[in-house]
Trainee: 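Have a look at this one.
Basis for what follows: all heavy atoms, side chains included, without hydrogens, waters or symmetry-related copies.
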Amino acid sequence: MPELPEVETVLRGLAPHMEGRRIVSARISGKRLRFPWPENFAARLEGARITALTRRAKYMLWRLDNGFSVLSHLGMSGRFTVFPGAGGKVRALGEFYFHDAAGREAGPHDHLILSLDDQTRVIYTDPRRFGFFDLLDTRELSAHPMLRNLGPEPLGPRFTPAHLAGAFHGRRAPVKTALLDQKTAAGLGNIYVCEALFRARISPRRRAASLAPSGGVTKRIERLAEAIREVLREAIAAGGSTLRDHARVNGESGGFQQHFSVYGREGEACDVCARPIRRIVQSGRSTFFCSHCQK
DNA sequence: CGGGACTCCTGCCAGC
DNA sequence: TGCTGGCAGGAGTCCC
């Protein structure tokens, strides 16, 4: 699921419910996600006040007032759901394997239940368990191995055509692959890379270096940088894209999948030239594009 | 060093 | 209807 717009959507959904609130209880399933749960994770959350929620690339950060920060990643199928106030039952349930502080059952794919001081409950669900949580000293945040090597935020001031040209210079990989590299643009994933390349009319198969032959900015590079920002802004405005798992924290779907030009549209007519959209595999991932419009 | 293959895990869907 | 194989939004690691 989650690329930058989906994480941003989740963050904006969570922030009004979580910022300023104290965590009364934290319960974990104990089932291993991508990594084992940090030592004393739940205990260090309990009693802490959440002072700020922020995002970096596809990571979410919760700053706590006890000197710790939570780092979370949704993996492929992670979602957060908010139950404001006292709330009722969690959801229709199959098998149960852990309980929240009030003894209510969690679903089989629920892994974290937070109860906040206004009785709001926040539940993290992740069937594929590719997501993870880490807990670290807030002062050491930027040194975290997952955050240390990230490139600029594509919607931030450091993401410029010059940066993109530098990232592509001498790079033999296809531009599609280079854009998935989080050092190039932190937070891009398969969907938005395909969509941005279509908008910029650049073939995903073209070698990255060919867009910046001398390492300098070109028209294509400028077009691509703008296309990336544009598609991300529009996707955020639509609440992200829901293929299967992504949901807003109130359970509603995102809406941007309605606006895909190429992603998931193999064989359908290109909106511009009406020729069929093609699907190829690059680095083991599906790429969708129009070979007539994208050169 | 760059880049591709492989890995973690479950659910879903197409095809037989 | 029911099974099987392939595929899925991520990203670190290993190996050439």
Trainee: Rounded to the nearest Å, what distance is computed from the CZ atom of residue A/F168 to the P atom of nucleotide B/dG2?
Mentor: 14 Å
Trainee: Over how many whole Å does the gap from A/D134 atom CG to C/dG10 atom C1' extend?
Mentor: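 Value for this atom pair: 17 Å.
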Trainee: Using a strict threshold of under 4.0 Å (side-chain N to carboxylate O), is an ion pair present between A/R49 and A/D117?
Mentor: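 Between A/R49 and A/D117 there is a salt bridge, with a charged N closer than 4.0 Å to a carboxylate O.
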Trainee: Going by ring centres under 5.5 Å and near-parallel planes (under 30°), is A/F130 stacked on C/dA11?
Mentor: no
Trainee: Identify, between A/R34 and A/R244, the residue whose nearest nucleotide on DNA chain B lies closer to the 5' end.
Mentor: A/R34
Trainee: Do A/Y124 and A/F133 make the cut of ring centroids closer than 6.0 angstrom?
Mentor: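 That pair passes the under 6.0 Å test.
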Trainee: Which nucleotide sits closest to the side chain of A/Y59: B/dG4, C/dA11, C/dG10?
Mentor: C/dA11
Trainee: Using a cut-off of less than 4.0 Å, is there contact between a side-chain N or O of A/R171 and OP1 or OP2 of B/dG3?
Mentor: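 For B/dG3, OP1 or OP2 has a side-chain N or O of A/R171 closer than 4.0 Å.
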Trainee: Rounded to whole angstrom units, what separation is found between the NZ atom of A/K183 and the P atom of B/dG2?
Mentor: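 Spelled out: NZ on A/K183 to P on B/dG2 is 8 Å.
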Trainee: Answer yes or no: does a side-chain N or O of A/S283 lie under 4.0 Å from OP1 or OP2 of B/dG4?
Mentor: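 Indeed, a polar side-chain atom of A/S283 lies that close.
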Trainee: In whole Å, what is the span from the CD atom of A/E3 to the P atom of C/dG10?
Mentor: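 Roughly 5 Å, once rounded to whole Å.
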Trainee: Please give me the minimum heavy-atom distance between A/V217 and A/A165, naming the atom from each residue.
Mentor: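 Scanning both residues, the minimum pair turns out to be N-CB, 4.1 Å.
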Trainee: Output the single nucleotide from C/dG10, B/dT10, B/dG3 whose closest atom is nearest the side chain of A/P2.
Mentor: C/dG10
Trainee: Requiring both pairing distances under 3.5 angstrom, list the stems that contain DNA chain C and are made of three or more consecutive Watson-Crick or G-U pairs.
Mentor: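 B:2-8 with C:10-16, B:10-16 with C:2-8 - these are the stems of 3 or more pairs that involve DNA chain C.
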Trainee: Considering only NZ, NE, NH1 and NH2 on the basic side and carboxylate oxygens on the acidic side, decide whether A/E226 and A/R223 come within less than 4.0 Å.
Mentor: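 Answer for the salt bridge query: no.
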Trainee: Whole angstrom is fine here: how far is it from CZ in A/R129 over to P in B/dC8?
Mentor: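 Those two atoms, CZ and P, are 12 Å apart.
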Trainee: Contact class for A/Y263 (heavy atom, under 4.0 Å): base, sugar-phosphate, or nothing?
Mentor: sugar-phosphate
Trainee: Please find the pair of heavy atoms, one from A/L74 and one from A/P2, that lie closest to each other, and give the distance.
Mentor: CB-CG, 3.5 Å
Trainee: Separation of A/N149 atom CG from C/dA11 atom P, in whole Å?
Mentor: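 Roughly 13 Å, once rounded to whole Å.
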Trainee: Quick one: label A/R279 by what it contacts on the DNA or RNA (base, sugar-phosphate, nothing), any heavy atom closer than 4.0 Å.
Mentor: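 The residue A/R279 makes sugar-phosphate contact but no base contact.
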Trainee: Please report the distance, rounded to the nearest Å, between CG in A/L243 and P in B/dC13.
Mentor: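 Rounding to the nearest Å, CG of A/L243 and P of B/dC13 are 12 Å apart.
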Trainee: Of the options C/dA11, B/dC9, B/dT10, whose atoms approach the side-chain atoms of A/Q182 most closely?
Mentor: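 The answer is C/dA11, which lies nearest to the side chain.
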Trainee: With A/S283, which residues qualify under side chain to side chain donor-acceptor pair (under 3.5 Å), at least two apart?
Mentor: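 For A/S283, the residues satisfying side chain to side chain donor-acceptor pair (under 3.5 Å) (neighbours in sequence not counted) are A/T177.
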Trainee: Quick check for you: among C/dG12, B/dT10, C/dG10, whose closest atom lies nearest to any side-chain atom of A/M146?
Mentor: C/dG12
Trainee: Between A/E195 and A/R199, is there a side-chain N and carboxylate O pair less than 4.0 Å apart?
Mentor: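 No, A/E195 and A/R199 are not salt-bridged.
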Trainee: C/dA11, OP1 or OP2 - any side-chain N/O from A/H73 closer than 4.0 Å?
Mentor: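 Answer yes for this pair, as a side-chain N or O of A/H73 is under 4.0 Å from OP1 or OP2.
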Trainee: DNA chain B: A/G170 or A/R128, which has the more 5' nearest nucleotide?
Mentor: A/G170
Trainee: Rounded off to whole Å, could you give me the CG-to-P distance for the A/D181 and B/dG2 pair?
Mentor: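 Value for this atom pair: 9 Å.
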Trainee: Might you point out which heavy atoms bring A/S286 and A/C194 nearest each other, and give the distance in Å?
Mentor: O-SG, 4.3 Å
Trainee: Are A/H109 and B/dG11 close enough that a side-chain N or O sits under 4.0 Å from OP1 or OP2?
Mentor: yes
